[in-house]
Number of protein chains: 2
Amino acid sequence: MTEEKIHVAIVEDEDEIRELMQQIIDRSPGFACKHVYKDCESALESIKSALPDVVLMDIQLPGMSGIEGIEKMKPELPDTDFIMLTIRDEEDIVFRSLCAGATGYLLKDTPPVKLLASIREVREGGSPMSPGIARKIAISFQPSKDNPLSEREKEVLTWLANGENYSTISTKLFISGNTVRAHIKSIYRKLQVNSRAQAVITAIKQKLI
Amino acid sequence: MTEEKIHVAIVEDEDEIRELMQQIIDRSPGFACKHVYKDCESALESIKSALPDVVLMDIQLPGMSGIEGIEKMKPELPDTDFIMLTIRDEEDIVFRSLCAGATGYLLKDTPPVKLLASIREVREGGSPMSPGIARKIAISFQPSKDNPLSEREKEVLTWLANGENYSTISTKLFISGNTVRAHIKSIYRKLQVNSRAQAVITAIKQKLI
DNA sequence: AATAAAATGCCCCATTTGGGTAATTGCCTG
DNA sequence: CAGGCAATTACCCAAATGGGGCATTTTATT
């Protein structure tokens, strides 16, 4: 049967927290925590041979940040899941962590029972997230509510974003190329840009299309 | 004290499932489920006056899909949380639901206890997701592993995506405008596009930058 | 009814872009 | 060591783009 323990590694600079977490995890049935590190630099030296199933990674670390750490460790440990542990849930840190390869994101005040459940969950193909963080991520997909562009302009911009040129767009919308140009000028003015690429990028960043 | 019940509405076409869910929820302490609908059309008629805290929304519905339904209901019920219920976890359906305004996404095989916990969680500002779905979302932030572009090309593309033109990019990279053009041509060839806007969009979609 | 915003259309002109082609250098791999 | 690829530079030319201005009609919105 599947009586394998989940091997957990910890990267955390504060001695007390690190040792406490190690004890909690290592003493829990089904878990083992034999490798802990106080910074990413020392983790990178030997974590490859430790071959953990899950790494609990602090973000605020002396020297290399936890985000950079994941970027460096992930290629070495492609089958390891990384769970970020952090005190605050700053928006850009969350997204940068996900981009770096984290598949879990928990606040440090997560109670031990929930922490262990999260480690199990990430191993079973999930992505444990503290509630407020999960909500931020979900909301990040929603389009902007106050979109300065008119319906027609959004339509034109969508075609722009597909790489179509004036004449093609004019054909698709049954209007003249000059009108397309007029709309595009209006879009540029509203988004304060002066090229197609900028318009498209700005629209995506602001979730206008 | 906060002895308010959470008011839950259900949109689900299958009678058995709908009635079973209603009973489970309505009979649980702290929950009320007095409004259920068999399709979005009928829900849209009266859900505004029902003013639910949470809507459990089936995706596969006769007539209007659950995704369209959310798009229409959300503006009417800005403070209501929508949880999608679905049988399968198809990637594009997940993301379209989130774009439409869903803040929870559960598989229909979610056990009742977990369903109730999820309803509570979404009310407390979370975003309950079935494990596999949460993982899909987390991974969607990670950059592509097999990026056909060279380092230099990525660099150029990143500047392109910022809306810079040839000469500006050449200044920033300390190379000639002709070289920038050469890189861009190479990028276009690899991404099979023929304009800046297309290149930028393609790169974003394929998570190359 | 008045006003504003959006949608439609057109012109001129300078700048930018994209396609084609060619060559040199340096690095890495088989 | 040879071939391949990345990075670099260069030139010609046609097409597309962006800035400026202007005018009419339709559609809200007050």
Can you check nucleotides 23-26 of chain D for protein contacts, nitrogen or oxygen pairs under 3.5 Å, and list what you find?
none

Checklist entry - Do B:Ser186 side-chain atoms and B:Ala182 backbone N/O form a donor-acceptor pair below 3.5 Å? => result no
Residues A:Ala138 and B:Ser127: closest non-hydrogen pair is CB-OG, 3.4 Å
The reported gap from CD1 in B:Ile59 to CD1 in B:Ile70 (rounded to nearest 0.5 angstrom) is 7.5 Å
Within residues 143-171 of chain A, those residues having any heavy atom closer than 4.0 Å to DNA chain C are A:Ser150, A:Arg152
Notebook entry, point to check: Do B:Glu14 and B:Lys38 meet the salt-bridge criterion of a basic N to acidic O distance under 4.0 Å?
Noted result: no
Could B:Asp81 and A:Arg135 be called an ion pair, given the rule that one side-chain N must be under 4.0 Å from one carboxylate O? yes
### Message
Using a strict threshold of under 4.0 Å (side-chain N to carboxylate O), is an ion pair present between A:Asp58 and A:Lys108?
### Response
yes
Per the under-4.0 Å heavy-atom filter, residues of residues 172-188 of chain A near DNA chain C come out as A:Ile175, A:Ser176, A:Asn178, A:Thr179, A:Arg181, A:Ala182, A:His183
From CZ of B:Arg189 across to C1' of D:dC5 the rounded distance in Å is 10 Å
* Ignoring hydrogens and angles, state whether a donor on the side chain of B:Asp39 or B:Ser42 is under 3.5 Å from an acceptor on the partner side chain. => yes
Does the B:Ser130 side chain pair with the main chain of B:Ile133, one donor and one acceptor, at a distance under 3.5 Å?
no
Has the side chain of B:Lys207 got a donor or acceptor atom that lies under 3.5 Å from a matching backbone atom of B:Ser140? yes
Legend entry - Donor-acceptor contact below 3.5 Å, side chain B:Glu12 vs main chain B:Met57: no
